[in-house]
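Since we're looking at a predicted model, the values are computed, not measured. By convention in this document, chain letters (A, B, ...) are assigned in the order of the sequence lines, proteins followed by strands, and residues within each chain are numbered from 1.
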Number of protein chains: 2
Amino acid sequence: MPTISAEDYLKHILKLQEGEERVSTSALATSLSLADASVTEMLKKLAARGLVRYQPYQGVTLTEKGRGIAVRTLRRHRLWELFLVRHLGYSWDQIHEEAERLEHVTSEALETALDRALGSPQFDPHGDPIPSAEGRVHGGASSALAALRPGAVAKIRRVADVDPELLRHADRLGIVPEASLEVRERLDFDGSLRVRVAGGDRFLSAEVARHIFVELVEERSG
Amino acid sequence: MPTISAEDYLKHILKLQEGEERVSTSALATSLSLADASVTEMLKKLAARGLVRYQPYQGVTLTEKGRGIAVRTLRRHRLWELFLVRHLGYSWDQIHEEAERLEHVTSEALETALDRALGSPQFDPHGDPIPSAEGRVHGGASSALAALRPGAVAKIRRVADVDPELLRHADRLGIVPEASLEVRERLDFDGSLRVRVAGGDRFLSAEVARHIFVELVEERSG
DNA sequence: AGGTATTTTTAGGCAGGGCTAAAAACAATG
DNA sequence: CATTGTTTTTAGCCCTGCCTAAAAATACCT
C-alpha cells in the first residue's frame, strides 16, 4: 500500500510529466509546496520501492507501477469530484479539496461502487477525463479559448481547476463544459475576449481565457 | 485539527468509558491493538492538548473538548455507514472498514451534506444511534436478546458490529433492526434460542444472541 | 505488614516525512 | 577555461507514532 504522501508525489509527477520527458526535483518541489531537499529524499525512497526511476541530478520519471498508482489516484479523485456534485449537492468550486482527501482512503470496492453509481462517467465536473479502471487516460485534444480568433464557434470542453474563484467566475458567465460559444471580439492589446455564450455577451480576460479549453466547431470569418 | 490517531484514541476512550468511570491504559491499548507504552505516551500528548484528563497510573477520562471530537468522529462514521448502504450498494457487513477510514477525512461541509442526503437519520444500518450535529447521543435502552424468556415478543433494535461474519449470519436469518421476533424455546444447557422471525423458525447460539439487542414488546407466558 | 504479581511508566530506538543551511554538481558566460 | 550562478544533494535536526525491555507504582494475598 502506498502512503498518502507517495500517492501525492506520484500524482504530481504524472501531471508534470505531460510534455516534459523528465521532471526536475525543483519543479516537483514547487508543485507539492515542499522544500527541494525533502523531495530529493522522498525520490530516493520512491525509487527504492520501484515506483519511479531516479538518477541524482537527472530528474524523475514514473515506472509502470508508479504510473499505475498515480492514474488510479487521479481516477479516484475525479470520481469523487463528480460524485460530490451529482449526489451530495456540491458545486464545482468546492470539490477539489474534499476529493484531495477522499482519494487516499478509497478502496478498490469503493472506487467500483462510485463508478457504478455514476454510470462509468468519462469526465469530471471540470471536464477533465476520468481514467478508466484499467488505467487508460482519455487525452482530450482541445485548445485554449485564448487562442481563438473572432468568428470562431466552439464547444467548451474543460475549465482548468486551478482556483475556486476562477470556477465560480466561469460558472456565473455560463462557461461550463458542453456549452457552446462564439468569439465575437478580441482586444489585441490585452488579449481579452468578448464571447457569446448561453445567449448573452460576456467579457473574459486573457488570463481567464487561458484556462478554458474548447473544441473548435467552425471558424467563420468575423 | 486532531490527527487520525488522536481521533481513534478519543473514539475508543468514549466507547470504553460507557459504564466505567476511568479508562485504564491497558484497556485502551487492547482496544486499539497497540502496546501499553505507546498509549501512555499518547495520553500525555492528548492531555497536553486538553483533550483528556490523565493522571499517571489513574487512567483517563475525556474532557468536553475531547468528547466533542470523539462524538463528532462517531457521527461521521455512522453517517458514512448508512450512506454506503443507501447510496452505494454496500451490505452492512462491509461498511465498517470503509467508514473507519472515511470518518477521518470528512469536513464539516461533507458531514452536513451526508446528513442532508440521508434526511438526518437517527440510526446506522446496525441500529447504532447516530449522534446529532450538536453532539447529543441518543442512548437507546435495549436489552440483549440472550436474556429473553420463551414467549417474549420483541422488536430488534441493534445488531452489534463486532464481526462481519456475525452480520452476514444475522442477515441471512432475517435478524435486522426493526424486525419483530418471538422467542419460542430456550435450551438452558447452552443458552441457545429458537425464535420466530420473518415468518420462520430460526436457531441462534447464545453467543449470537448476546450481540442482538431488542426492545421487549410483550412477555407472554410460553 | 511484607513479598509477590500485575499494571503502568520510563528509556532508548526506529521509520516516515518534513525543514534549514552548507556543500557539491551542473550550467553558462566573459 | 575559469569564474559566477543555479540546481540539487548531503548533513544534521525535528516531530509524530509506534516498539521492546527495564524500572517503578500499585494491588493483592497470606
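Nucleic acid contact class of A:Arg22 (heavy atoms, under 4.0 Å, all strands): none.
Atoms CD (A:Glu41) and C1' (D:dC14) sit 12 Å apart, rounded to a whole Å. Rounded to an integer number of Å, the gap from B:Met42 CE to C:dT10 C1' is 18 Å. Between the CG atom of A:Leu34 and the C1' atom of D:dT9 there is a distance of 16 Å, rounded to whole Å. We find that CD of A:Gln55 is positioned 11 Å from P of D:dT9, with the value rounded to whole Å. Note: CG (A:Leu43) to P (D:dT7) measures 17 Å, nearest angstrom. What separates CG of B:Leu28 from C1' of C:dT9 is a distance of 15 Å, to the nearest Å. Between the NZ atom of A:Lys45 and the C1' atom of C:dG17 there is a distance of 6 Å, rounded to whole Å. Between the OH atom of B:Tyr54 and the C1' atom of D:dA25 there is a distance of 12 Å, given to the nearest Å.
Nearest nucleotide to the side chain of B:Ser26, out of C:dT8, D:dT16, C:dT10: C:dT8. Distance from the side chain of B:Ser5 is smallest to D:dG17 among D:dT9, D:dG17, C:dT8. The A:Thr40 side chain lies nearest to D:dT8 when the options are C:dG18, D:dT8, D:dC18. Proximity note for A:Ala37 (side chain, C-beta onward) versus D:dC18, D:dT9, C:dT10: the nearest is D:dT9. Here the nucleotide nearest the side chain of A:Thr3, chosen from C:dG18, C:dT8, C:dG16, is C:dG16. Side-chain atoms of A:Lys44 lie closest to D:dT10 of the nucleotides D:dC19, C:dG18, D:dT10. For A:Ala35, the side-chain atoms get nearest to C:dT20 when compared with the rest of D:dC19, C:dT20, D:dT10.
A salt bridge links B:Asp8 and B:Lys11; the closest N-O separation between the charged side-chain nitrogens and carboxylate oxygens is under 4.0 Å.
Within 6.0 Å of atom CZ in B:Arg49, more than 12 heavy atoms from other residues, nucleotides or ligands are found, so the atom counts as buried in its surroundings. Within 6.0 Å of CZ in A:Arg168 there are more than 12 heavy atoms belonging to other residues, nucleotides or ligands.
For the pair B:Ser38 and D:dC19, the criterion of a side-chain N or O lying under 4.0 Å from OP1 or OP2 is met.
Residue A:Asp163 holds its CG atom at 9.5 Å from CG of A:Asp93, rounded to the nearest 0.5 Å.
Less than 6.0 angstrom separates the ring centroid of A:His96 from the ring centroid of A:His77.
Of the possible polar contacts, none joining the B:His138 side chain to the B:Ile130 backbone as a donor-acceptor pair under 3.5 Å is found. Side-chain atoms of B:Arg67 come within 3.5 Å of backbone atoms of B:Gly135 as a donor-acceptor pair (strictly under, hydrogens ignored).
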Listing time: all N or O pairs from protein to nucleotides 24-29 of chain C that are below 3.5 Å?
{"from": "C:dA25", "atom 1": "O4'", "to": "A:Tyr57", "atom 2": "OH", "distance (Å)": "3.2"}

